[in-house]
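Here's the structure, in structure tokens; my notes come after.
Side-chain atoms are counted along with the backbone in the values below, which use heavy atoms only and exclude waters and symmetry mates. All residue numbers refer to positions in the sequence shown, counting from 1. Note that the structure is predicted; figures quoted are calculated from it, not measured.
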Amino acid sequence: MSPPAADSHVSEHPHSETLFTVPNALSILRALLTIPFVAVMLSGEPRARWWGLALLAVAALTDKLDGAFARRHHLVTEWGKILDPVADKIGMAVLAIVLVSLDMIPAWFLAAIIGRDVLILAGGLYLKRTQKIVVPSNVLGKWTVGVLAVAMGLALIGVTGLALDFAIGASVAMLVASFVSYVRTFVLLMKK
């Protein structure tokens with residue numbers, strides 16, 4: 001939702017453990033939007049791609065709004081730190097799985113996305129269990145989601161060739177950079 005520095009006041013705020021907030025509802029909605037997305041994309045309807053793109057745009061909007069609303073109204077919560085990145089990961093994984101099943105992106109790209117997310121999730125769960133620390137999304141992680149969304153959006157509307165290859169290459173670079181950033185954060189937190 002926000003860089004770690006912006007979250008320093010969270011533990012002192014009365015809403016820090018609250019699940020039922022507007023930002024958290026937006027994160028949950030983003031994850032749930034994968035259901036109509038799958039239904040539309042696999043329906044065989046002539047306009048399925050455009051409906052899918054519209055749903056992707058709504059999901060991106062919820063991603064933008066949940067963090068902005070949480071910071072503006074001091075509703076950054078421990079639940080939000082978990083729900084926001086999990087919703088991103090669910091959304092990206094489902095989107096990539098559908099696009100691979102429709103031969104719009106290569107399977108290795110899906111493997112790179114899911115592999116990185118599984119490793120980050122495993123590290124986050126380990127820190128939560130052993131150190132009682134929830135690692136929030138960082139700025140680089142959010143940018144990675146954005147670049148992935150652009151690449152998969154291009155594939156969704158039928159862009160192929162060099163433009164799609166460039167977008168996928170940029171996405172892979174962001175996946176690697178954000179993974180390194182998260183590993184660095186995990187190592188620093190483990191040393192504390």
Stepwise side-chain contact (heavy atoms from CB on, under 4.5 Å) test for Glu45 and Trp51 | CA-CA 10 Å; Glu45 289 291 322; Trp51 283 111; 6.0 Å; no

What's the verdict on side-chain contact (heavy atoms from CB on, under 4.5 Å) for Val180 and Leu140, showing C-alpha distance, side-chain angles and the deciding distance?
-> CA-CA 10 Å; Val180 169; Leu140 191 55; over 6 Å; no

Search all heavy atoms of Leu42 against all heavy atoms of Ser101 and return the closest pair with its distance.
-> CD2-OG, 4.2 Å

ILVMFWY cluster, Phe166 and Leu164 together (side-chain gap under 4.5 Å) | no

Determine whether Tyr126 and Leu121 make a side-chain contact, defined as any pair of heavy atoms from C-beta on separated by less than 4.5 Å.
-> no

Should Leu102 and Met41 be marked as a side-chain contact (heavy atoms from CB on, under 4.5 Å) after you check the CA-CA gap, both sets of side-chain angles, and the distance that decides it?
-> CA-CA 9 Å; Leu102 296 172; Met41 290 302 297; 3.7 Å; yes

Charged N to carboxylate O under 4.0 angstrom, Lys89 versus Asp84?
-> no

Close side-chain approach of Ile114 to Met92, heavy-atom, < 4.5 Å = no

So, do Lys142 and Asp88 sit near enough that their side-chain heavy atoms are less than 4.5 Å apart?
-> yes

Can you check whether Leu148 reaches Phe109 side chain to side chain, under 4.5 Å on heavy atoms?
-> yes

Specify the closest pair of heavy atoms between Ile105 and Ala155, including all atoms of both residues, with the distance to one decimal.
-> CG2-CB, 3.6 Å

Consider only side-chain N and O atoms of Thr21 and Asn24, and report whether a donor and an acceptor are under 3.5 Å apart.
-> yes

Note: Ile113 and Ala96 closest approach over all heavy atoms is CD1-CB, 4.0 Å

Are the side chain of Ser171 and the backbone of Ala167 linked by a donor-acceptor contact shorter than 3.5 Å?
-> yes

Student check: side-chain heavy atoms of Leu55 and Pro36 closer than 4.5 Å | yes

Closest non-hydrogen atom pair between Ala107 and Val100, with its separation | CA-CG2, 4.0 Å

Which pair of heavy atoms, one from Gly153 and one from Leu56, lies closest together, and at what distance?
-> CA-CD2, 4.0 Å

When rounded to the nearest 0.5 angstrom, what is the spacing between OG1 in Thr34 and CD1 in Ile97?
-> 10.0 Å

If you look at every heavy atom in Pro106 and Ile168, which pair is closest and at what distance?
-> CD-CD1, 3.8 Å

Determine whether Val159 and Ile157 make a side-chain contact, defined as any pair of heavy atoms from C-beta on separated by less than 4.5 Å.
-> yes

May I ask whether Val150 and Leu95 are part of the same hydrophobic cluster, defined by side-chain heavy atoms of I, L, V, M, F, W, Y residues being less than 4.5 angstrom apart, directly or through others?
-> yes

Hey, is the main chain of Ala87 close enough, under 3.5 Å, to the side chain of Ser27 for a donor-acceptor pair?
-> no

Other residues, nucleotides, ligands: >12 heavy atoms within 6.0 Å of Trp143 CH2 = no

So if you build clusters from Ile, Leu, Val, Met, Phe, Trp, Tyr with side-chain heavy-atom gaps below 4.5 Å, do Val187 and Leu119 land together?
-> yes

Residue pair Leu127, Met190: steps toward the side-chain contact (heavy atoms from CB on, under 4.5 Å) verdict = CA-CA 8 Å; Leu127 280 176; Met190 287 296 294; 3.3 Å; yes

Rounding to 0.5 Å, atoms CG (Leu99) and CE (Met104) come to a distance of 6.0 Å

Val172 side chain reached by Arg116 side chain, heavy atoms, under 4.5 Å | no

Can you find a heavy atom in the side chain of Leu33 that is under 4.5 Å from one in the side chain of Phe37?
-> no

